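Heads up, the thing below is written out as structure tokens.
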Amino acid sequence: MIHTVGYAAKQSIAGLHRHEFDRDEAKANEVEIEVLYCGVCHSDIHQVKNEWHNTVYPCTPGHEVVGRVTKTGAAVTRHKVGDVVGVGCMIDSCRGCEACRAGEENYCEGPNSFLATYNGPAVPGKMAIGGKNTYGRDNTFGGYSTSMVVAEDFVLKIPSGLKPEVAAPILCAGVTTYSPMKRWGVQRGSKVGIVGFGGLGDMAVKLAKALGAEVVIFTTTKEKLQEAARLNVTGVLESDEGSIHSYKGSFDFMLSTVPKKHDLNPFLPLLKRNAPMVVVGALEPLEPVNNMVVAAHRLSVCGSMIGGIRETQEVLDFCASHKIGPDIQMIGMEEINDAYRRVENDEVRFRYVIDMASLKSKQ
Ligand SMILES: [Zn+2]
Ligand SMILES: [Zn+2]
């Protein structure tokens with residue numbers, strides 16, 4: 001057993017507190033990882049507060065994990081002790097369904113879908129057809145902890161050109177925004193509109209620019225316009241109807257990164273004929289869209305969720321070769337409840353990254 005110290009929520013209203021538990025040692029195909037850094041994703045907050053009504057407590061979040069391999073199982077070939085590696089939103093999948101065979105484990109169609117890095121299978125046993133949990137685990141503990149044990153196929157290599165702490169948020173925020181841009185063909189000369197300028201929006205802007213697109217970001221927060229200027233992209237306030245109208249029919253691709261229910265209708269007229277509005281931020285019912293506008297220009301309103309393991313490695317390598325990464329602010333584990341409050345109040349554009357040394361020093 002590997003004694004592990006983490007932070008967990010015991011119930012939806014309690015915040016996160018120190019939580020000690022044991023992890024099983026690595027099986028033949030698994031690696032043990034000493035966690036160095038873990039990004040703070042808005043999903044962590046949704047999950048801790050049971051806002052998706054599927055939280056298993058105690059809940060130790062964290063799916064933007066970077067660490068160092070400390071031990072490898074006998075059959076491991078892809079990683080070795082000392083490697084700096086990453087773990088994103090998944091630690092296993094059924095491996096047999098059409099999506100898994102296509103390398104899109106994030107859309108696993110097995111009875112329990114993928115095994116999430118925390119909070120267990122994406123489809124828990126009690127919600128699965130046949131009532132089974134093929135992973136044998138109801139709960140999994142994420143990266144707000146000192147160690148992880150993960151099947152090697154779900155462990156990413158962190159390129160040497162990326163600082164480990166900067167790489168962490170790429171494992172969720174990076175691939176979540178990169179995957180739909182690749183899927184819908186964002187390329188040199190594309191005109192891309194991004195709605196929402198938090199952690200996802202920051203990555204989306206940088207990735208779209210690196211792909212060669214012209215980028216406009218829409219935000220409700222006046223202070224974030226300066227940040228847009230600093231990144232050398234146009235920022236538009238959502239309340240500025242005149243500016244919004246001036247983009248009518250101009251975008252090849254739009255991405256909504258707003259992490260909660262919001263109205264897409266003001267943005268749909270800004271899309272070119274045949275163009276998609278892809279929603280990655282909010283995983284809940286949205287305001288109804290006006291299909292007169294959608295149909296009149298053969299638009300698409302789509303969703304996309306994280307990315308497969310192969311694509312996650314691709315975006316890590318892409319960020320390293322283009323020298324881009326999220327803006328981060330490092331915090332100690334004990335600052336997490338404060339950080340959540342600030343993220344929820346929409347105060348931060350950067351990504352918080354927890355320095356796990358803060359946890360180890362108090363062991
Ligand atoms: Zn996430
Ligand atoms: Zn599958």
Side-chain angles (χ1 to χ4, degrees), residues 9 23-24 27 29-30 38-39 41-65 86-144 148-156 170-180 182-183 200 259 278-286 301-315:
R23 293 196 191 268
D24 291 336
K27 297 183 194 71
N29 67 332
E30 292 179 332
C38 187
C41 175
H42 211 116
S43 308
D44 302 347
I45 304 176
H46 287 308
Q47 202 76 70
V48 159
K49 297 199 160 182
N50 197 20
E51 287 170 353
W52 293 330
H53 313 292
N54 67 349
T55 303
V56 191
Y57 294 103
C59 174
T60 291
H63 59 204
E64 297 182 343
V65 188
V87 179
C89 302
M90 304 174 281
I91 54 171
D92 209 347
S93 70
C94 88
R95 303 181 183 226
C97 72
E98 206 173 306
C100 285
R101 281 186 280 121
E104 296 191 322
E105 304 87 352
N106 52 316
Y107 300 117
C108 175
E109 293 148 354
N112 301 104
S113 193
F114 60 85
L115 183 62
T117 302
Y118 63 84
N119 209 57
V123 178
K126 61 178 188 288
M127 287 165 65
I129 295 166
K132 278 201 185 123
N133 179 351
T134 51
Y135 298 108
R137 290 198 261 176
D138 292 324
N139 201 358
T140 45
F141 294 130
Y144 292 13
M148 299 276 294
V149 180
V150 181
E152 66 162 343
D153 295 344
F154 283 75
V155 175
L156 289 309
I170 297 170
L171 292 156
C172 173
V175 73
T176 294
T177 50
Y178 179 80
S179 182
K182 295 298 282 189
R183 170 80 189 168
L200 283 176
V278 184
V279 180
V280 292
L283 300 173
E284 60 193 273
L286 299 177
V301 176
C302 319
S304 177
M305 189 187 275
I306 48 177
I309 292 298
R310 193 164 58 215
E311 204 164 41
T312 308
Q313 189 64 60
E314 186 180 310
V315 67

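None of the values given here were measured: they were computed from a predicted structure.
The shortest non-hydrogen separation linking V56 to N139 is O-ND2, 3.5 Å. What you find for A122 and S113 is that their closest heavy atoms are CB-CB, 3.8 Å. Of all heavy-atom pairs between M90 and I306, the closest is CG-CD1, 4.3 Å. Closest approach of P121 to N133, counting heavy atoms only: CG-OD1, 3.5 Å. Contact between R95 and A151 at its shortest, heavy atoms only, is NH2-CB, 3.6 Å. Closest approach of E64 and A173 over heavy atoms only: OE2-N, 3.4 Å.
Inter-residue side-chain proximity for C94 and T134 is flagged as unmet; no heavy-atom pair is nearer than 4.5 Å. Considering only heavy atoms from C-beta on, Y135 stays 4.5 Å or farther from P124 through its side chain. No side-chain heavy atom of D92 sits less than 4.5 Å from a side-chain heavy atom of E105. Residues F141 and P58 form a side-chain contact, since some pair of their non-hydrogen atoms from C-beta on lies under 4.5 Å apart. You'll find the side chain of D24 stays beyond 4.5 Å of the side chain of V149, heavy atoms only. Looking only at side-chain heavy atoms (C-beta outward), C59 and Q47 come within less than 4.5 Å of each other. Proximity of K182 to E314: side-chain heavy atoms (C-beta onward) are separated by under 4.5 Å at one or more points.
Within 6.0 Å of CD on E98 lie no more than 12 heavy atoms contributed by other residues, nucleotides or ligands. Residue-environment remark: CZ (R183) stays at or below the threshold of 12 foreign heavy atoms within 6.0 Å.
Distance CG/L115 to SG/C108: 10.0 Å, rounded to 0.5 Å. Atom CG of L171 sits about 9.0 Å away from atom SG of C38, to the nearest 0.5 Å. Interatomic distance, F114 CZ to C89 SG, rounded to the nearest 0.5 Å: 7.0 Å. How far CD1 of I309 is from CG of D153: 8.5 Å, rounded to the nearest 0.5 Å. Between the CD atom in E30 and the CD1 atom in I91 there is a gap of 8.5 Å [rounded to 0.5 Å].
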(Q) Run the side chain to side chain contact (heavy atoms under 4.5 Å, CB included) test on S43 and H63 for me, step by step, so that the C-alpha distance in whole Å, both residues' side-chain angles and the decisive distance to 0.1 Å come before the verdict. (A) CA-CA 9 Å; S43 308; H63 59 204; 4.0 Å; yes

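When atom types are taken as modelled, the side chain of T312 and the backbone of G308 share a donor-acceptor pair closer than 3.5 angstrom. Judged purely by atom type and a 3.5 angstrom limit, H42 has no side-chain atom pairing as donor or acceptor with the backbone of G281. Under the 3.5 Å distance criterion, the side-chain polar atoms of S179 are left unmatched by any main-chain donor or acceptor of T176. Under a 3.5 Å cut-off, the side chain of T117 and the backbone N or O of G88 do form a donor-acceptor pair. Judged by distance alone, with hydrogens and angles left aside, the side-chain atoms of Y107 form a donor-acceptor pair with the main-chain N or O of M305 at under 3.5 Å.
The side chain to side chain donor-acceptor pair (under 3.5 Å) with Y118 is formed by just one residue from the set T60, D44, T140, T55; it is D44.
Using modelled atom types and a 3.5 Å distance limit, the side chains of Y57 and N50 yield no donor-acceptor pair.
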